[in-house]
Amino acid sequence: MALLNILCYPDSRLHKVATPVTTFDEKLRKLVADMLETMYEAQGVGLAATQVDVHQRLVVLDTSEERNQATVLVNPEITWYSEERVKGEEGCLSVPGIYDGVERAVAVKVKAADEHGQVRELEAEGLMAVCVQHEMDHLMGKVFVEYLSPLKRNRIKTKMLKAQKEDA
């Protein structure tokens, strides 16, 4: 396994739309393992392949307290959203240190394959539902800060660019 580099906002590669996974092979399973290792190391609860500059429809999640219940979603598709919505604080591994309120559906149903190609439907609510929606936004080239006002978004962009210059 290997740690992968997580792209940071406002990197334009975060806005690429992911393409469907067509081959379920050892290469895909290695990518899943590397993404999980990267997510756990970064203290995240979800990671989309887009965030590690792989533009395929692949998401890994683990919202469990023990951090031992990984969920792999390949070619995920949300088939149902609850009408009830809630605004909650969100953060993102691609926008480190930034948290803000985003409104999401309280529950969702998602149809996806696992890394072996087995298709199943998953019902998610609470943090898991938020995480699924957040990570699937990444697959569509959308970062959570795009839900915020243009003023907030520009402030975050400026802050992120400044931090990246300081790190260089």
Side-chain angles (χ1 to χ4, degrees), residues 1-9 11 13-14 18 21 24-82 84-145 147 156 160 163 167:
M1 293 198 304
L3 289 177
L4 303 170
N5 183 46
I6 298 172
L7 300 176
C8 281
Y9 181 80
D11 192 307
R13 293 171 290 180
L14 288 168
V21 172
F24 293 82
D25 58 5
E26 204 49 50
K27 185 177 172 188
L28 176 67
R29 287 183 279 285
K30 181 181 180 338
L31 176 59
V32 167
D34 291 347
M35 284 176 62
L36 284 167
E37 182 180 5
T38 302
M39 178 188 74
Y40 288 130
E41 179 69 25
Q43 308 288 306
V45 293
L47 186 67
T50 301
Q51 293 176 270
V52 294
D53 203 19
V54 176
H55 302 284
Q56 292 189 303
R57 293 187 58 78
L58 168 62
V59 167
V60 296
L61 312 161
D62 189 345
T63 58
S64 68
E65 287 283 324
E66 303 81 24
R67 313 289 288 142
N68 63 357
Q69 295 176 33
T71 300
V72 176
L73 303 175
V74 182
N75 300 328
E77 173 188 336
I78 294 179
T79 58
W80 174 84
Y81 292 89
S82 66
E84 185 183 352
R85 299 178 67 79
V86 67
K87 187 172 188 172
E89 287 282 297
E90 283 190 31
C92 180
L93 295 177
S94 291
V95 194
I98 303 294
Y99 299 88
D100 212 317
V102 176
E103 188 176 284
R104 302 276 189 188
V106 171
V108 295
K109 286 183 186 174
V110 62
K111 181 179 170 185
D114 64 15
E115 65 270 36
H116 303 285
Q118 297 297 314
V119 178
R120 67 188 194 290
E121 189 163 79
L122 169 85
E123 292 184 32
E125 55 186 39
L127 177 60
M128 182 66 146
V130 168
C131 199
V132 166
Q133 293 167 82
H134 176 108
E135 300 308 331
M136 286 188 62
D137 276 353
H138 279 299
L139 301 181
M140 298 307 298
K142 189 169 187 174
V143 181
F144 91 97
V145 297
Y147 287 102
I156 291 167
M160 296 303 296
D167 289 346

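- Applying the salt bridge (charged side-chain N to carboxylate O under 4.0 Å, His left out) test to residues at least two apart or on different chains, none of the pairs has a partner in residues 66-76.
- Looking at residues two or more places apart in sequence or on another chain, you find a salt bridge (Lys or Arg N to Asp or Glu O under 4.0 Å) between Lys30 and Asp34.
- Val60 has its side chain out of reach of Thr38: every pair of non-hydrogen atoms, C-beta onward, lies at least 4.5 Å apart.
- Every residue meeting the side-chain hydrogen bond (donor to acceptor under 3.5 Å, both in side chains) condition with Asp11, not counting sequence neighbours, appears here in chain and number order: Arg13.
- Note: Leu14 CG to Thr50 OG1 = 8.0 Å, rounded to the nearest 0.5 Å.
- Not counting sequence neighbours, the partners of Ala42 by the side chain to side chain contact (heavy atoms under 4.5 Å, CB included) test are Ile6, Leu93.
- Closest approach of Gly46 and Leu61 over heavy atoms only: CA-CD2, 4.0 Å.
- Among residue pairs with one or both ends in residues 121-131, those qualifying as side-chain hydrogen bond (donor to acceptor under 3.5 Å, both in side chains) are Thr79-Glu121; sequence neighbours excluded.
- The two atoms that bring His138 and Ala48 nearest to each other are CB-CB, 3.5 Å, heavy atoms only.
- Met39 CE to Asp62 CG: the interatomic distance, rounded to the nearest 0.5 Å, is 5.0 Å.
- With sequence neighbours excluded, the residues that form a side-chain hydrogen bond (donor to acceptor under 3.5 Å, both in side chains) with Ser94 are Gln51.
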> Would Leu4 and Leu31 satisfy side-chain contact (heavy atoms from CB on, under 4.5 Å), going step by step from the backbone distance to the final call?
Replying inline: CA-CA 9 Å; Leu4 303 170; Leu31 176 59; 4.1 Å; yes

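- Atom-to-atom distance recorded for Leu139:CG and Arg57:CZ is 5.0 Å, nearest 0.5 angstrom.
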>> Working note: Met35 + Val54, criterion side-chain contact (heavy atoms from CB on, under 4.5 Å); need CA distance, chi angles, decisive distance, verdict.
In response: CA-CA 10 Å; Met35 284 176 62; Val54 176; over 6 Å; no

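- Applying the side chain to side chain contact (heavy atoms under 4.5 Å, CB included) rule to Ala70 yields the partners Leu36, Tyr40; only residues at least two apart in sequence or on another chain are considered.
- Between Lys142 and Met136, the closest side-chain pair of non-hydrogen atoms is not below 4.5 Å.
- Side-chain contact between Leu73 and Glu135 is absent, with no heavy-atom pair separated by less than 4.5 Å.
- The side-chain hydrogen bond (donor to acceptor under 3.5 Å, both in side chains) test applied to His116 returns no partner, not counting sequence neighbours.
- Atom CD of Glu89 has more than 12 heavy atoms from other residues, nucleotides or ligands within 6.0 Å.
- Exactly one of Val45, Leu47, Val59 qualifies for a side-chain contact (heavy atoms from CB on, under 4.5 Å) with Cys131. That residue is Val45.
- Residues Val102 and Phe144 share a closest heavy-atom pair of CG2-CD1, 3.7 Å.
- Side-chain contact between Val132 and Ile78 is present, with at least one heavy-atom pair separated by less than 4.5 Å.
- Side-chain atoms of Glu37 do not come within 3.5 Å of backbone N or O of Ala33 as any donor-acceptor pair.
- Side-chain atoms of Val72 and Leu58, non-hydrogen and from C-beta on, do get closer than 4.5 Å to each other.
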Please list every donor-acceptor pair under 3.5 Å in which a side-chain atom of residues 103-113 meets a protein atom from a residue at least two apart or in another chain.
from, atom 1, to, atom 2, distance (Å)
Glu103, OE2, Arg85, NE, 2.9
Arg104, NE, Glu90, OE2, 2.7
Arg104, NH1, Asp137, OD2, 2.8
Arg104, NH2, Glu90, OE1, 3.1
Arg104, NH2, Asp137, OD2, 3.3

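- Residues satisfying the salt bridge (Lys or Arg N to Asp or Glu O under 4.0 Å) criterion with Asp100, sequence neighbours excluded, are Lys152.
- A search for salt bridge (Lys or Arg N to Asp or Glu O under 4.0 Å) contacts involving Glu26 returns Arg29, not counting sequence neighbours.
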